[in-house]
Amino acid sequence: MEIKLFGITKDIVGRDMLPVPANIQVHTVTELKEWLYQQYPGLEKLSALAVAVNQTYAEDGTALDSTKEVALIPPVSGG
Amino acid sequence: MEIKLFGITKDIVGRDMLPVPANIQVHTVTELKEWLYQQYPGLEKLSALAVAVNQTYAEDGTALDSTKEVALIPPVSGG
Amino acid sequence: MIKLVTTIDINEAYSALQHPEAGGISLFIGTVRNHASGKSGVTQLDFEGYEPMALKEMEALAETARVKWPIKKLVMIHTLGTKKVGEPVVIIGTSTAHRKDAFDSCKFLIDELKKSVPIWKKEYFDDQTVWVNSHP
Amino acid sequence: MIKLVTTIDINEAYSALQHPEAGGISLFIGTVRNHASGKSGVTQLDFEGYEPMALKEMEALAETARVKWPIKKLVMIHTLGTKKVGEPVVIIGTSTAHRKDAFDSCKFLIDELKKSVPIWKKEYFDDQTVWVNSHP
């Protein structure tokens, strides 16, 4: 599974696409965020962090797998 | 004194400038409207009729004289 | 920018609203509809104004709006003369630091313009003409 | 008309809002201010988007607005890339038969766009850059 990164999450992680190693089990949005917060503590300091699955805002319990497009959505600031 | 006419008041009176005969005494807005309603009953059928004196909406009691610019303001419909 | 014109130029209005401290611009453009209240088949419209008084009233509304909202730039332009369906007849615009003030002040200006500015609209139908709002 | 662009064309947006049954068009144009909240001296901004999701969110907001108001035409255009102070970054427009619906729906669309559409703004100051809204 790969995670698309935008805005400040791209700066914190230092790249725009983060592969999740095959030996890491992240089956839900909550599990993904827990793993990310361990790896990149800067992500936990954001005012909010959403996850999009297949280009739609996902719930904490939404299931993840490698067939889905997954992205981190830091606080938006368009307009 | 001459009265400027606009919109439907111009159609009712049949001209765009109505002189008030010298022998007619109209000292206030109220007196002017009373005289106009007698002469042109169509004016009384309008949903409203304001009078402007020197290009400002006037009160019923506002004094009129021949040095002032006087106009009839039927219901506006700009925009 | 407050004026009466024969044709509205939207780019000119937009340019006049630009200001380095403005974050939001609200524009309202009133256009000629093809059906008035309860009637259909408007073919054209004529706008007539008591020009010096209309400009004075528009200036007074602008002044009232500037007291109520922190407006950076303001535009009120109304056309006079003959218009066809779809043509713009009025454009109101305000620019402010925050967008709510732009929306609120722009809406105030068009609402008040329609109440007090001495401009009159004559609608042409196939078989008659009507001065809008004249009769109850 | 819903799209992401590099440069906003106001005339194109206005043209897309014209409709013979529309009496009012509300346009909102968001521009780059020279001071953000509490800070001064923004020299430029970059806008980055998650483009396919941003378009999906904008389409969803448009659909919600169309259910709430009788909208004739609707425009949502956001720019991506580098902008200077004063440049337009977003334009929202709705045309409706009656003007209150145009104002209300236009304001709804810009308010919601700012909440949910995945677009990010980076402000450049003389001595630092800031991703807006990122931190409490």
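So that the names make sense, note that chain A is the first sequence line, chain B the second, and so on, each numbered from 1. Keep in mind that what you see is a predicted model, and the values were worked out from it rather than measured.
The contact between B:Thr56 and chain C is made by backbone and side chain atoms together, counting heavy-atom distances below 4.5 Å. Only the side chain of C:His78 comes within contact range of chain B, with at least one heavy atom under 4.5 Å from a heavy atom of that chain. Residue C:Val89 touches chain B through its side chain alone, counting heavy-atom pairs closer than 4.5 Å. Proximity to chain B involves both the backbone and the side chain of C:Ser116, based on heavy atoms less than 4.5 angstrom apart.
Here the OH atom belonging to B:Tyr57 is positioned 12.5 Å from the NZ atom belonging to C:Lys56, to the nearest 0.5 angstrom. With values rounded to the nearest 0.5 angstrom, C:Lys122 atom NZ is found 5.0 Å from B:Asp11 atom CG.
The two residues B:Val76 and C:Lys115 have their closest heavy-atom pair at CG2-O, 3.3 Å. When all heavy atoms of C:Trp120 and B:Ser77 are compared, the pair lying nearest together is CA-OG, 3.5 Å. Of all the heavy atoms in C:Tyr50 and B:Ile73, the pair that sits closest is CD2-CD1, 3.7 Å. Residues B:Pro75 and C:Ser134 share a closest heavy-atom pair of CG-O, 4.0 Å. Between B:Lys45 and C:His135 the shortest heavy-atom distance is O-CD2, 3.3 Å. Nearest heavy atoms, C:Met53 versus B:Gln55: CG-O, 3.3 Å.
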